[in-house]
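Taking it in order: structure first as structure tokens, then the write-up.
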Amino acid sequence: MQLDDLGNWRRTHKSNEIREELDGQEVILMGRVGDIRDLGGIKFLILHDISGSVQITATRKKTDPKILSKLDALTQESSVAIKGKVVRGKQAPRGVEVVPSEIRILNLASTPLPLDPSGKVKANLDTRLDARGLDLRRSEAIAIFKIRNQALQTIREYLISQEFIEVQTPKIVATATESGAALFPISYFEKEAFLSQSPQLYKEVLTGAFERVFEVGPIFRAEEHDTPRHLNEATSIDIEAAYMTADDVMKILEELVWRAFDSVKRNCAEELKVLNHHLETPKKPFPRITYDEALAKLSQEGVVLNWGDDLPTPAEKKLAEIVGGAFFIVDWPLTVKPFYTMPKGDKLSDAFDLMYGELELASGGSRIHSEEMLIKQMKEKGLNPENFESHLLNYRYGLPPHAGFGLGLDRLTMVLTGAENIREVVLFPRDRKRITP
Ligand code: AMO
């Protein structure tokens, strides 16, 4: 079939702007075709765009045959431009519909589609991710990404208001930063290189120049496991600030998580309704429990851990049952925290995790700013300081004391949307089995 050009047509209204007050007015709408119903003498088409949907109604008797044949040719999800008149109609959704006077078919969708974007027929996650471009047209998916966007913009605005500047650090790197998380090697000319696990070392160095920095960017983790909360490429909101301690950045983290909840609750009521998710803004200040207290609470419940162990998933689940909501775990053993973490006494670190239920949302802390201490910690962690020579140089130029955190944007979005699988809140997730689409 011959497709039409957009030509000089431009959208005059979005679908949600079609209201009774426009009765009689000519409009140009653009969008994708949803449900088509043919009742013999009358044809209904639901036109979807990013703002919502509107009904297009054509009676066979009164409509130009050219328009009717175009309507007959349309398939679900095709993209169209429709010129028509707004008409009040008691039967129509929202009491208003558009009667077409000209239709341009911009692109036709083939049939059958691999999944039903109206969501009426449910498809499994793998099928949906295989056809993600189409799957993202579901109203639930659009709601999730609008909420993600709302949260991110709120966080950006808050950090900028606190004089943080946004930076972009390299994602092709030469060394690891996070103990425990494996690296993806890449072929980089004649050298060995990796995808960055975290902007950690760069953001620390940048505090020397810019004092307060933040970055929203990808982190790559070669985790083998397949879980509903891990991906191999995630998005992290990292901050780092000079002349601050763990306690100071915990307050910033608390404020920005609180604001993300609050702004989603206030600005995304429609989206939350689509997702059927009731969002409860956590009360400030978020409770803080020490690692020792967490171990004691867990052992009371029969979950016994050795001091110095990281909290395994079952322990996090149990702790979530006991504490719940948003809470910090502070004073971790140095053994489980990365080499750059500032010690607190002999065995502890001035570091924290922010939990939401059983999900770790963020981790951070005060950092070491003395080269001597950093080298000592590297050696204790079995790292070779020679591999960090270019980084260590920065500690010879009077790097200020600093602190920061990394907040997982995907995990925060899970909490804000009620998604149970991290793949739902990431456009094109990368996991152990999936690198396409
Ligand atoms: P960490 O390794 O704890 O800390 O990562 C910070 C946050 O990033 C998110 N995250 C992930 N999300 C999804 N899938 C993954 N595989 C994954 N890995 C991490 C989590 C986590 O809390 N440099 C430190 C941060 C700092 O101290 O500033 C770091 O990378 O939400």
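As the structure lists them, so they are numbered: ligands from 1, and atoms in each ligand from 1. Source: prediction; values computed, not measured.
Between N384 and M378, the closest side-chain pair of non-hydrogen atoms is not below 4.5 Å. Two residues are said to be in side-chain contact when any heavy atoms from C-beta on lie closer than 4.5 Å; L361 and R411 meet this criterion.
Screening R432, R423, R430 against D226 for a salt bridge (Lys or Arg N to Asp or Glu O under 4.0 Å) leaves a single residue, R423. Under the ring-ring contact (aromatic ring centres under 6.0 Å, His included) rule, Y356 has a single partner from F286, F327, F261, W258, which is F261. R229 pairs with exactly one of E360, E316, E424 by the salt bridge (Lys or Arg N to Asp or Glu O under 4.0 Å) rule, that one being E316. Of the listed residues (Q76, Q55, K120), just one forms a side chain to side chain donor-acceptor pair (under 3.5 Å) with D35, and that residue is K120. A salt bridge (Lys or Arg N to Asp or Glu O under 4.0 Å) with R288 is found for exactly one of D331, D247, D353, namely D247.
Closest heavy-atom approach to atom 24 (C) of ligand 1 among the candidates F220, Y340, F405: Y340. Evaluated by nearest non-hydrogen atom to atom 4 (O) of ligand 1, the leading choice among S363, G406, S196 is S363.
Close contacts of ligand 1 with A234, meaning ligand atoms under 4.0 Å from a residue heavy atom, involve 12 (N), 13 (C), 14 (N). Close approach of ligand 1 to R367 is summarised as follows: ligand atoms under 4.0 Å from at least one heavy atom of the residue are 26 (C), 27 (O), 28 (O). Taking every non-hydrogen atom of E360 and a distance limit under 4.0 Å, the qualifying atoms of ligand 1 come out as 3 (O), 20 (C), 21 (C), 22 (O), 31 (O). Distances below 4.0 Å separate heavy atoms of H230 from the following atoms of ligand 1: 14 (N), 16 (N). Shown in contact with R229 at under 4.0 Å from a heavy atom are these atoms of ligand 1, numbered in order with element: 13 (C), 14 (N). Under a 4.0 Å criterion applied to the non-hydrogen atoms of G364, ligand 1 contributes the atoms 27 (O). Atoms of ligand 1 lying under 4.0 Å from at least one heavy atom of K203, given by number and element, are 26 (C), 28 (O). Numbered from 1 in the order shown, with element, the atoms of ligand 1 that lie under 4.0 Å from a heavy atom of A362 read 22 (O).
Residue contacts with ligand 1 for D410 are absent, since no atom lies close enough (heavy atoms, distance under 4.0 Å). For E223, every heavy-atom contact with ligand 1 shorter than 4.0 Å involves the side chain, none the backbone. Residue contacts with ligand 1 for R430 are absent, since no atom lies close enough (heavy atoms, distance under 4.0 Å).
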**Message:** Test salt bridge (Lys or Arg N to Asp or Glu O under 4.0 Å) on E215 and K171; report intermediate values, then the result.
**Reply:** CA-CA 12 Å; E215 176 164 11; K171 302 303 157 210; 2.9 Å; yes
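Heavy-atom contacts from other residues, nucleotides or ligands closer than 6.0 Å to NZ of K376 number 12 or fewer.
Between L361 and ligand 1, at least one pair of N/O atoms sits closer than 3.5 Å. Here's the thing with I422: none of its N/O atoms is less than 3.5 angstrom from an N/O atom of ligand 1. Inclusion of G365 in the set of residues having an N or O under 3.5 Å from an N or O of ligand 1 is not warranted.
Counted by atom type alone, S299 and K297 present zero donor-acceptor pairs between their side chains at under 3.5 Å.
Residue contacts with ligand 1 include I219, since one of its heavy atoms falls under 4.0 Å from the ligand.
In this structure, Y291 and W332 have tilted ring planes: the angle between them lies in the 30° to 60° band.
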